[in-house]
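Keep in mind that this is a model prediction, so the values were computed, not measured. Per chain, numbering begins at 1; letters A, B, ... match sequence-line order.
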Amino acid sequence: MTRPDFRDDAPAPAPRPGGLAARALAASRPAAYLDGLNPEQRRAIETLDGPVLVLAGAGTGKTRVLTTRIAHIISTGRAYPSQILSVTFTNKAAREMKERIGGLLGDVAEGMPWLGTFHSICTKLLRRHAELVDLRSDFTILDTDDQIRLMKQVIAAADLDEKRWPARQLAMLIDSWKNRALTPKKVSAGEAMAFANGHGAELYAAYQARLKTLNACDFGDLLLEAIRLFQENPEVLAEYQKRFRYILVDEYQDTNVAQYLWLRLLAQRKGAAAPVRPDAITDDTGSPRPNICCVGDDDQSIYGWRGAEVDNILRFEHDFPGAAVIRLERNYRSTGHILATAAHLIANNEGRLGKTLFTDDEAGEKVTVTGAWDSEEEARLINDEIEAYQHKSHRLNEIAILVRASFQMREFEDRFVTTGVPYRVIGGPRFYERMEIRDAMAYLRLVNQPADDLAFERIYNTPKRGLGEAALGTFHAYARAAGVPLLEAARQLCQTEDLKPKVRQTVRDLTENFARWRANLETMRHTDLAEMILEESGYTDFWKKDRSAEAAGRLDNLKELIRSMEEFENLQGFLEHVSLVMDAAEGEAEDRVTIMTLHAAKGLEFETVFLPGWEEGLFPHQRALDENGRAGLEEERRLAYVGITRAKRRSKIYFATNRRMHGLWNATIPSRFIDELPEAHVEVTEAPGAGYGGYNRSHGGSRFDALQPFGGSSYATPGWQRAQTRSAPGPEARGKTGWAGGGARSAQPRLLEGELIAKSTGTPARFVAGTRVFHIKFGNGTVADVDGNKLTVDFDKAGRKMVLESFVQGG
DNA sequence: CGCTAGTCGGTTTTT
DNA sequence: CCGACTAGCG
C-alpha cells in the first residue's frame, strides 16, 4: 500500500549468462530440465524467437512448459532473470511458478523481479514513475469497499438520489469500462446513458478526480494508469521494451482489453532492438518480432462475465504476425473415457481454435450420469458414494464436489455434518475480506498513512463510540475548507467550539490515540504495535463483548492477522502485500472432501470429481442464457468442460428432478449438456435410492429417454426450448405441454442441437409485434418490439417495459 | 445515534 | 426460504 520497493531488479548474481561455448555445450548435451518432455512441449520451450501461442489443453503440462521455458531462457544465457516479464492472473499462480523455477534452477528465481500478476507488476511500475501519472509513489490501492464508499460520495456530490442510482452499480459499470481500457473521455454517449440519465461518464471523471486527490488507485487503475504512463512517456515505454527481452503470459484467454493493450505496448518492437549489454548473448538479429509467448486454452475461458476477451487468444496470430502456434494435446491427467466425454461436449462450441486431447492412459471408468429425485437425494447419493470410497481407502483430499452456484453447497454441507464426512469449502469471504480484518487493516493503514481518508471513514466510529453522520459531516466540511485530511481535521476541530463537548472528548481521545500510535511506528515492533492499536482502540473488546456465534472466530482471525504480520519486516511491507495479495495460504493438512464452484476449480485436479446440479436453468444458468445468448451458453459449456476435465479417474455427473430455489420447489429437467455427452463413454446409472420412480425406462431408443421426467409429446422439444418453456410461469402450463425430448435428439444430437442453439438467439417464433401477452407482474399488454429473447411490451396498466420473453405468456 | 421490523433480491470472482 | 439493506422509531 505504501513504500515503494526500488531494489527489485538488481541483476542476478549467478549464473552469468553463458558464452557461446556454454551454449554450444547446451546444444550438444540437452539440459536435464528438458528430460521427459514430449515433442510439442519441447517445441513450446525451444521456440524462443518471435511470438508464440501455446494452446495448452487441460492437463497437458502448461505450467511445466512455462517454467521450463523461463529456465531455458536463463540457462542458455539469452536473458537475465530481470529481463524476463512473466505475468499471471493470480498470486497463487505466480507463487507456484516461482517455486517451480526455483526447483529447476536453484535460487536464481529469487532474481525474477518481473514475475507476478498484472496488478503487482503494474503497481511496481507506477510506484517508480508515479509522478508521471499524477500520483505520489506511496499511493494507496483501494479495495472494493473503499471504492464503493468513494463512489457514494461522488454520487451524493452530483446531487443524485443514491436509491435510484446505487453506488454498487456505478462501480460495476466503471469497472467494466476500465476492463475495456475506456477512460472517461472515451466512454461513448450511449454507454454513459446506462447510468443516471447519461451522467455516467461525468461521474466516472469525478471519481477519477477524487482518486487523484486521495493519491489512490483502484484495481482497474493499476492497469490503466500503467498504460497511460507508457502512452504519454515513450521514453519510459522504450526503456521497458528494451528491458523485457522475453515476455510470457499465463492464462491468456482470461486477459481483458486493458491487459491486452498493456501487453501489446510492451511487446512492440519498433525497428531493431539494440543489445542491452555488450556482453549479452542473443540471437536477436534485429528482427522486430517480439519474443512474446502466450499460454492459454480458449476452451477454458470462463471469465467473459468479468471482462475477459476470448477474442484476444482467437486473434493472436493476427495481432502477432508470423506467430508460431503450438498445440499441447497430450493429456497427462485423465483417463480415456473422461477425455473423450469432455472432447465430445466441447465440440458443440463454435468459434474455437480446436484441439483434441488424447492420452496413452487406459480408458478407465466411464463418466457417469445419475438422476436424483431432488437436491436432497442428490446430496445423499453423493455422500454415500463418498463414504464407500472412504471405506476403500480413497483419500478425501482427492475428491471434490464442483457446483455451478454456491447456494448448492449448503445441501452438501448439511449432509456431511450429519454423516460426519470431513469437508472443506473453498470460496466465500476470504481472509482479508472479512469485516474484522478490514477494520483492523483500516486502523493500521491510518496509522501508517494519516491522510488515508477512506480508512478514517471506515473506523472513526468502529467500534461504536457515538460518532455518526453528523460528526463526519463536520469533519468533511472542515477538511475541505482547510485542505487537510479527515484525521487532521478531526484533531484540529477539538481546538474549536464546533463540536459538542461530549463528542469533542471522544474525538480528542481518538486523534490522540492515533498520534501516539504513529509516534511508536519507528520504535516498536510492528506486530506489538498492531496488538496495541487493536487493544487501545477498543476493537478487541468490542468483539469480546459480542455474544454472537461468530465473535470468537473473529477474534481468532485478528490473532491470525497479527501472526501473519510477523513474516514482514515492517508495517509498510505488510500493507503493500495485503492490498495486492488478498489471499492467505490455507491449510491442506487434513484429509477432507473439497466443495467449491466450478470457477474456483480451474487449474486443479482430483481423482474423483462429483458434478451435481446439471439441470436446465442452473447449468447452463438461465441468466447466462438470458443475458448473453449463445456466447453465454458457450461459456457455460466451457465451464462444463472444465468440470469434467478436473477428474483424473472419475467424473460423476448428477441432476435432480426437483430443486428448491429461493424458497420454493421447482421441477427441473436435465441439462442439455447431458444430451451432448457421447454415449460410448458415458454410463447412465440408476439411483439406488428409493423415491426415484418417475422415469420410464421400459421403451427403447435413446438412453436419455430414461432421464426425461415427463412422457412423450407431439413435438421433439430440444433442451433450450424446454428451458424456455420451463420459465413460463405456472405448473399447469408445464404439465400440459410437457418437455419430453423424445428420441429424435439422440439421432443427430449435435447437428440438431447446433441448429436450434443458433436459433435461440434469434427471434423466437412465439411472439411478434402486435401479439397480446400476459406478464405475471405487469399484467396484459401488446408486444411492440422483439429483440432476441427481449420483448418491448406496452402494458395496459404498467406502460412500456422491456421484459424477457420467458416471463410472458401468449394471450 | 442505534436498533428493529419490513423489503428486496437471489451466478460465477481476481486483483 | 434466507440474508443483506433500508425506513422509521425509541
I'd like to know if A:Glu376 and A:Arg660 make a salt bridge, using a cut-off of under 4.0 Å between side-chain N and carboxylate O. no

Any A:Asn256 side-chain N or O less than 4.0 Å from OP1/OP2 of B:dT14: no

Does A:Glu635 reach a base, just sugar-phosphate, or nothing at all? Heavy atoms under 4.0 Å. nothing

Nearest-angstrom distance, C1' atom, C:dC2 to B:dT13: 22 Å

A:Gln622 CD to B:dG10 C1', in whole Å, measures 14 Å

Starting from P on B:dT15, measure out to CG on A:Asn179 and report it in whole angstrom. 14 Å

With the 90 degree cut-off around zero defining syn, does B:dT12 come out syn or anti? anti

Can you tell me the distance, in whole Å, between the OH atom of A:Tyr303 and the P atom of B:dT14? 6 Å

Considering only heavy side-chain atoms of A:Ala624, the closest of B:dT15, B:dT11, B:dT14 is B:dT11

Would you say A:His621 stacks on B:dT11, if stacking means ring centres under 5.5 Å apart and planes within less than 30 degrees? yes

Starting at CZ of A:Phe407 and ending at P of C:dG3, how long is that distance when rounded to a whole Å? 15 Å

Measuring centre to centre across the rings, with the benzene-like ring taken for any Trp, is A:Tyr260 within less than 6.0 Å of A:Trp262? no

Comparing A:Lys92 and A:Gly663 on DNA chain B - which has the more 5′ nearest nucleotide: A:Gly663

Taking the side chain from A:His119 and the backbone from A:Leu580, do they hold a donor-acceptor pair closer than 3.5 Å? no

Which is true for A:Leu467 with a 4.0 Å heavy-atom rule: it touches a base, it touches only sugar-phosphate, or it touches nothing? sugar-phosphate

In whole angstroms, the gap separating C1' of B:dC1 from OH of A:Tyr460 amounts to 10 Å

Among B:dT15, B:dT11, B:dC1, the one nearest any side-chain atom of A:Glu469 is B:dC1

Would you indicate, yes or no, if B:dT14 has its OP1 or OP2 atom less than 4.0 angstrom from a side-chain nitrogen or oxygen of A:Thr117? no

At under 4.0 Å between heavy atoms, what does A:Arg410 touch on the DNA or RNA strands: base, sugar-phosphate, or nothing? sugar-phosphate

Quick note, A:Glu636 side chain, CB onward, closest among B:dT11, B:dC3, B:dT15 is B:dT11

Is it the case that the side chain of A:Arg149 and the backbone of A:Leu454 share a donor-acceptor pair, with hydrogens and angles ignored and the cut-off at 3.5 Å? yes

Rounded to the nearest angstrom, tell me the gap between atom CD in A:Gln169 and atom C1' in B:dG9. 14 Å

So does A:His621 get a backbone contact from the side chain of A:Glu636, meaning a donor-acceptor N/O pair under 3.5 Å? yes

Tell me which nucleotide among B:dT13, B:dT11, B:dT15 gets nearest to the side chain of A:Trp305. B:dT13

Under-4.0 Å side-chain N/O to phosphate OP1/OP2 contact, A:Arg430 with B:dT15: yes

Just to be sure I understand the rule, does A:Ala470 reach a base, reach only the sugar-phosphate, or reach nothing, if contact means heavy atoms closer than 4.0 Å? sugar-phosphate

State whether the aromatic ring of A:Phe219 stacks on the base of B:dT14, taking stacking to mean ring centres under 5.5 Å apart and ring planes under 30° to each other. no

Take atom C1' in C:dG3 and the same atom in B:dT14, then report the distance between them in whole Å. 24 Å

Need one value for A:Asn91: base, sugar-phosphate or nothing, where a base atom within 4.0 Å counts as base even if backbone is also close, heavy atoms only. sugar-phosphate

Should A:Arg410 and A:Glu413 be marked as a salt bridge (Lys or Arg N to Asp or Glu O under 4.0 Å) after you check the CA-CA gap, both sets of side-chain angles, and the distance that decides it? CA-CA 5 Å; A:Arg410 214 190 143 149; A:Glu413 289 197 64; over 6 Å; no

So, is A:Ser406 close to the B:dT11 phosphate, meaning a side-chain N or O under 4.0 Å from OP1 or OP2? no

Looking at every strand, decide which applies to A:Asp143 at a 4.0 Å heavy-atom threshold: base, sugar-phosphate, or nothing. nothing

Any salt bridge between A:Asp143 and A:Arg458, counting N to O under 4.0 Å? no

Between B:dG2 atom C1' and A:Phe542 atom CZ, what is the distance in whole Å? 12 Å

Find the distance A:Glu251:CD to B:dT15:C1' and express it as a whole number of Å. 15 Å

